[in-house]
2 protein chains.
Amino acid sequence: MARSPTNPLAEDIYARVKDDIFDFRLLPGQRFTETEMAQRYGVSRTPVRDALYRLKREGFLDVAFRSGWSVQPLDFELFDELYDMRIVLETAAIERLCHCEDVSALEPLARVWLAGSAERCRDPREVSGLDEAFHIGLVELAGNRQMARVHRELTEKIRVVRRLRFPEAFAHRNDL
Amino acid sequence: MARSPTNPLAEDIYARVKDDIFDFRLLPGQRFTETEMAQRYGVSRTPVRDALYRLKREGFLDVAFRSGWSVQPLDFELFDELYDMRIVLETAAIERLCHCEDVSALEPLARVWLAGSAERCRDPREVSGLDEAFHIGLVELAGNRQMARVHRELTEKIRVVRRLRFPEAFAHRNDL
DNA sequence: GTAGATTTGTACGTATGTATA
DNA sequence: CTATACATACGTACAAATCTA
């Protein structure tokens, strides 16, 4: 029995808006309204609001009382802090993995990370995805699911600036 | 110009529901509906839903598709993981504070922590609050606001189980 | 298995505060 | 300064899925 997701529409809008931010179809600082978004995605304002408020709580968007929404501008101090915390969490994860007897769990990660130059993937977008998965997988293996969750959220927040540094990775951002 | 809060009603309901959880007026595992909560707080379902979904994202509540809400049951593995991560974050914070030249910023914390037995506060509820503030203040002083935010959220999630261990602290939970 | 009651999910209408001509 | 347009915050109505007798 596959239980239904809780807010299918709102969930979908959430993912689409977030991707629009990551792919710079919504630019940092850009302003917009709930009605615009509702028309853009072909739904009512209700699921849009759910999605927008969730993205606001996660730091991707900003809203002013009865005065419209905006994409959170790039804040490099913020990114510094996020990178800094990522180091803290990953260091703690690695320390725990070092004290672990069974290293076989590291195998799948090693296979990706130690890929020979022949089998190495060249698409920057995919490389970036593999890199994210590697970091996330490392922390997951340490066994603390809360640390893994925070680390995953944190990695997502950094994603936008990582893409800025690999411009070729999203050269096809207008494909969709 | 003091800018208005964004969703005054929803914000208020959010705080009240959270306190109801902390003070065990809403018990772990207890089920309820949006309509009940709307009547309980004298508002419509809209701000209630905003508040409930926020608390769900933060792990305090659970919702099943068209089938009602429930307070997240106590999960001691979860609390172990949260305590564990708290140690990681506070250790990192302390390491940074140790490398810091200027220790004068620690003064206010020391004054609370090193209170003489005479001036020591005896109300367990207040002691608990001071303890939380001490831990939070410590991490804040380390200067990474994101780490401080995560640590603060994490401390809130632990609060309910801390109160379980200090039952006398909320003996008057029916006062209100 | 089915019908009815229940509950959320979404759409839509109204009120209130904001910005601007 | 005032009035008007506009955007969100909240309330309400309805649809769809779930539970239960």
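Every chain is numbered from 1, with letters handed out A, B, ... down the list of sequences.
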Self-check item: R96(B): salt bridge (charged side-chain N to carboxylate O under 4.0 Å, His left out) partners, not counting sequence neighbours
Solution: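 Expected list: D84(A).
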Counting only pairs under 3.5 Å, give me each side-chain donor-acceptor contact of residues 64-71 of chain B, with atom names and distances, residues two or more places apart or in other chains.
residue, atom, partner, partner atom, Å
W69(B), NE1, E34(B), OE2, 3.1

Exercise. Could you tell me which residues satisfy side chain to side chain donor-acceptor pair (under 3.5 Å) with Q39(A), sequence neighbours excluded, listed by chain and number?
Key: none
Practice problem: Just jot down the side chain to side chain donor-acceptor pair (under 3.5 Å) partners of E90(A), sequence neighbours excluded, or say none. | Solution: H135(A), H151(A)
Practice problem: Just jot down the ring pair (Phe, Tyr, Trp, His ring centres under 6.0 Å) partners of F60(B), sequence neighbours excluded, or say none. | Solution: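 Applying ring pair (Phe, Tyr, Trp, His ring centres under 6.0 Å) to F60(B) gives F22(B).
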Quiz item: Does Y83(B) have any ring pair (Phe, Tyr, Trp, His ring centres under 6.0 Å) partners at least two apart in sequence or in another chain, and if so, which?
Solution: none
Practice problem: Take atom CZ of R31(B) and atom P of dT18(D), then tell me their distance rounded to the nearest Å. | Solution: 14 Å
Quiz item: Whole-Å distance between dG9(C) C1' and L52(B) CG?
Solution: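 Value for this atom pair: 14 Å.
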Practice problem: Using a cut-off of 6.0 Å, state whether more than 12 heavy atoms not belonging to R40(B) lie near its atom CZ. | Solution: yes
Quiz item: For residues 139-148 of chain A, which residue pairs qualify under salt bridge (charged side-chain N to carboxylate O under 4.0 Å, His left out), counting only residues two or more places apart or in two chains?
Solution: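 Residue pairs with at least one partner in residues 139-148 of chain A: R145(A)-E77(B), R145(A)-E81(B).
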Quiz prompt | Angle between terminal axes - the helix from dT2(C)-dA21(D) to dA21(C)-dT2(D), 5 pairs each end, rounded to 10° | solution = 0°
Quiz prompt | Annotated protein contacts, base or backbone, on nucleotides 5-15 of chain D with a non-hydrogen cut-off under 4.0 Å, one of B, S, - each | solution = --BBBBBBB-B
